[in-house]
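Below is one structure, written out as structure tokens; comments come after it.
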Amino acid sequence: MKKKSIFACRDCGHEHSKWLGRCEGCGEWNTLDETTTIEAPKGARGRLAAGFSVVSKMQPLSEVSLEDRPRLSMGMEELDRVLGGGMVAGGVVLLGGDPGIGKSTLLLQALAQHAEQSPQASLLYVSGEESAHQLAHRARRLGVPEALLARIQVLAETSLERINETLAALGPTMVVIDSIQTTLSEQLPSAPGSVAQVRECAAQLTRWAKSQGRCVFLVGHVTKEGAIAGPRVLEHMVDAVLYFEGDGHAAFRVVRAVKNRFGTVNELGVFAMTDRGLRGVSNPSALFLSHAHPTDADSEVPARRSVAGSCVLATQEGSRPLLVEVQALVDAAHIPNPRRLCVGLEPQRLAMLLAVLHRHAGVACFDQDVYLNVVGGIRVSEPAADLAILAAIMSSLRDRPLPERLVVFGELGLSGELRPSPRGQERLREAARLGFATALVPKANLPRREMEGLTVVGVSSLAEALDWLSAHR
Ligand code: TYD
Ligand code: MG
């Protein structure tokens with residue numbers, strides 16, 4: 001195989017034949033690195049030998065078989081849900097997340113559960129980070145039965161060539177590569193984890209999965225900013241990208257699909273980390289409320305009155321409604337540039353909301369520090385969180401708790417109008433089920449029929465919402 005020197009962009013992966021100051025793909029400056037790639041050999045035989053897929057035949061769209069590829073259950077309901085109903089043969093899934101969040105644990109458990117479900121499956125766990133000894137310890141700790149342990153092959157290896165040999169010899173039906181950043185091809189001179197290495201390794205493993213119809217899980221490291229390390233092209237190559245998120249200290253972790261060619265995105269799988277690995281949580285809607293909340297009927301912590309700066313938001317994640325607590329702390333700033341800090345929410349959105357609050361409700365925060373937090377380490381990115389964020393901010397600013405057992409949602413426009421949120425009925429139904437008494441929502445989300453136990457208040461603008469809040473406590 002012929003080697004060729006090219007210049008690839010660190011961010012978007014766009015390739016250039018010569019060095020340039022600015023990437024022609026994404027327009028970023030100083031992102032080009034010189035790398036070496038392996039040129040695909042000419043001719044069908046050479047391509048096949050290099051693992052490229054067979055040349056496919058053109059056909060009319062109407063004649064393409066509609067038969068669905070069978071779903072392979074991973075034996076973990078929450079993981080199957082995120083994948084869109086299970087894994088698909090030939091599918092490649094990238095799982096990213098902070099160190100220690102539980103990526104290796106999840107995939108080892110998934111392999112074991114899958115082994116139990118499908119007796120013919122042949123499973124391989126390739127670890128470039130941990131030794132076989134460490135893996136065996138973890139598997140024992142997870143309580144995987146001896147019979148299933150015997151069916152999972154482990155390979156502590158980082159060389160792609162050696163991994164390819166094992167894949168060819170064993171022909172596993174499902175493979176975990178832990179992690180793609182530690183895997184390196186000896187054909188390339190660049191260091192493990194570099195753009196060229198990550199891309200080449202992922203490309204070869206993806207080609208193997210597609211041509212053989214086998215499943216591959218790739219573990220991906222994340223950068224400080226929280227994106228999967230390596231070029232964005234990595235995310236384009238695979239069929240699904242899952243992120244493992246959550247506060248490392250909290251017991252609950254969430255797996256979210258940000259891309260999925262086999263199902264819907266933004267579907268959530270919720271897990272609890274226990275001393276025997278991850279356990280799926282099938283009814284998570286009340287998990288992300290702090291114990292201080294009065295609806296927490298069966299918690300051991302005695303229920304307290306609601307506190308200032310806290311507002312419960314009914315959010316919709318994938319197919320399930322979820323109630324999360326948004327907390328705000330607004331405090332006099334002592335520096336000319338007040339601080340804006342968001343955990344689990346988007347900082348740009350906060351800046352916009354504060355501007356709307358100033359312009360349409362006359363409340364200025366330019367001399368106040370604003371801190372926002374979502375309880376439980378979950379990330380909320382939907383705009384339906386707007387009204388809850390401002391309700392929490394106003395509550396903290398005025399040092400006045402919101403009415404008890406209140407739930408809020410709604411998107412704010414730049415002119416201060418409240419826009420309806422999708423699937424409002426489901427959010428309201430879930431809030432009613434969990435014992436909330438009042439819901440403050442956009443007018444267009446008012447239910448057609450009355451809801452048992454839940455008074456729904458519809459408002460059409462921010463000013464109206466704040467008026468209602470100051471009149472009720
Ligand atoms: P790990 O799966 O090694 O994370 P990653 O591969 O994402 O870096 O994370 C394991 C963490 O979870 C570690 O801090 C120990 C903890 N843990 C448990 O609490 N219970 C268990 O049964 C296992 C296996 C790990
Ligand atoms: Mg790991």
Side-chain angles (χ1 to χ4, degrees), residues 9-14 25-26 69 71-72 74 76 78-107 109-111 126 128-129 174-183 193 195 197-210 214-246 253-271 278 317-320 344 346 377-382:
C9 171
R10 227 173 289 138
D11 287 345
C12 70
H14 192 91
C26 61
R69 280 188 277 179
R71 294 285 181 159
L72 306 168
M74 300 306 300
M76 301 173 86
E78 292 296 299
L79 185 59
D80 283 345
R81 169 204 302 286
V82 184
L83 290 170
M87 190 68 174
V88 174
V92 182
V93 173
L94 179 63
L95 174 67
D98 288 336
I101 191 97
K103 301 181 291 296
S104 310
T105 308
L106 178 70
L107 292 178
Q109 264 182 286
L111 279 193
V126 180
E129 310 204 330
M174 193 173 285
V175 183
V176 172
I177 306 286
D178 189 0
S179 65
I180 189 69
Q181 277 86 10
T182 51
T183 312
V195 177
Q197 284 287 5
V198 167
R199 196 175 40 183
E200 186 56 31
C201 294
Q204 288 203 28
L205 290 163
T206 306
R207 280 198 297 264
W208 175 80
K210 301 281 163 215
R214 305 299 162 86
C215 309
V216 173
F217 285 95
L218 304 173
V219 173
H221 291 173
V222 296
T223 59
K224 260 209 321 283
E225 292 78 36
I228 290 178
R232 266 330 260 262
V233 281
L234 190 56
E235 297 189 10
H236 294 301
M237 271 184 225
V238 299
D239 297 307
V241 181
L242 312 182
Y243 272 96
F244 215 142
E245 57 188 58
R253 321 268 160 112
V254 169
V255 178
R256 186 195 298 270
V258 293
K259 160 181 173 173
N260 195 349
R261 288 185 188 146
F262 311 130
T264 53
V265 290
N266 269 331
E267 195 64 76
L268 282 194
V270 182
F271 294 92
L278 292 156
E317 292 292 346
S319 56
R320 287 186 299 195
E346 281 171 25
I378 189 172
R379 225 183 322 214
V380 179
S381 52
E382 63 160 6

query = Nearest 0.5 Å, what's the CZ-CD1 distance between Arg199 and Ile180?
reply = 12.5 Å

ask   = Is there a side-chain contact between Val92 and Leu205, using heavy atoms and a 4.5 Å cut-off?
value = no

query = Does some side-chain heavy atom of Lys210 sit less than 4.5 Å from a side-chain heavy atom of Asp239?
reply = yes

inquiry  = Is there a side-chain contact (heavy atoms from CB on, under 4.5 Å) between Arg261 and Val88? Walk through the geometry before answering.
reply    = CA-CA 10 Å; Arg261 288 185 188 146; Val88 174; over 6 Å; no

message = Ignoring hydrogens, what is the shortest heavy-atom contact between Gly102 and Leu278? Give both atom names and the distance.
response = O-CD1, 3.8 Å

request  = With the side chain counted from C-beta on, respond yes when Asp178 and Lys103 share a heavy-atom pair under 4.5 Å apart, and no when they do not.
outcome  = no

ask   = Is there a donor-acceptor pair closer than 3.5 Å between any side-chain N or O of Glu317 and the backbone N or O of Leu268?
value = no

task = Measure the shortest side-chain to side-chain distance between Leu111 and Phe217 over non-hydrogen atoms and say whether it is less than 4.5 angstrom.
result = no

Residues which pass salt bridge (Lys or Arg N to Asp or Glu O under 4.0 Å) with Glu245, listed by chain and number, not counting sequence neighbours = Arg256, Arg379

query = Closest heavy-atom contact between His221 and Ser179?
reply = NE2-OG, 3.3 Å

ask   = If every non-hydrogen atom of Leu72 is compared with every non-hydrogen atom of Ala89, which pair is closest and at what distance?
value = CD1-N, 4.3 Å

request  = Can you sort out the partners of Arg214 under salt bridge (Lys or Arg N to Asp or Glu O under 4.0 Å), two or more places apart, ordered by chain and number?
outcome  = none

query = Should the pair Asp98-Arg253 be classified as a salt bridge under the 4.0 Å nitrogen-to-oxygen rule?
reply = no

request  = Could you give me the CA-CA distance, side-chain angles and deciding distance for Val255 and Glu78, then say whether side-chain contact (heavy atoms from CB on, under 4.5 Å) is met?
outcome  = CA-CA 9 Å; Val255 178; Glu78 292 296 299; over 6 Å; no

query = Pick from Leu95, Leu107, Leu106: which one makes a side chain to side chain contact (heavy atoms under 4.5 Å, CB included) with Val176?
reply = Leu107

key: Validation row: Cys26, His14 side chains within 4.5 angstrom (heavy atoms)   = no

ask   = Do the side chains of Gln197 and Thr183 get nearer than 4.5 Å, heavy atoms only?
value = no

Considering all heavy atoms, the nearest Gly269-Arg320 contact = CA-NH2, 4.2 Å

query = Does a side-chain heavy-atom distance below 4.5 Å link Val216 with Thr206?
reply = no

request  = Please test Leu242 against Leu83 for side-chain contact (heavy atoms from CB on, under 4.5 Å), starting from the C-alpha separation and ending with a verdict.
outcome  = CA-CA 8 Å; Leu242 312 182; Leu83 290 170; 4.1 Å; yes

inquiry  = With rounding to the nearest 0.5 angstrom, report the OG1 to CD1 distance, Thr182 to Ile177.
reply    = 9.0 Å

Inter-residue atom distance Glu382.CD - Glu346.CD, 0.5 Å rounding = 11.0 Å

task = Indicate yes or no: at least one non-hydrogen side-chain atom of Leu79 is less than 4.5 angstrom from one of Gln109.
result = no

query = Could you state the interatomic distance from CE (Met87) to CE (Met174), rounded to the nearest 0.5 Å?
reply = 6.0 Å

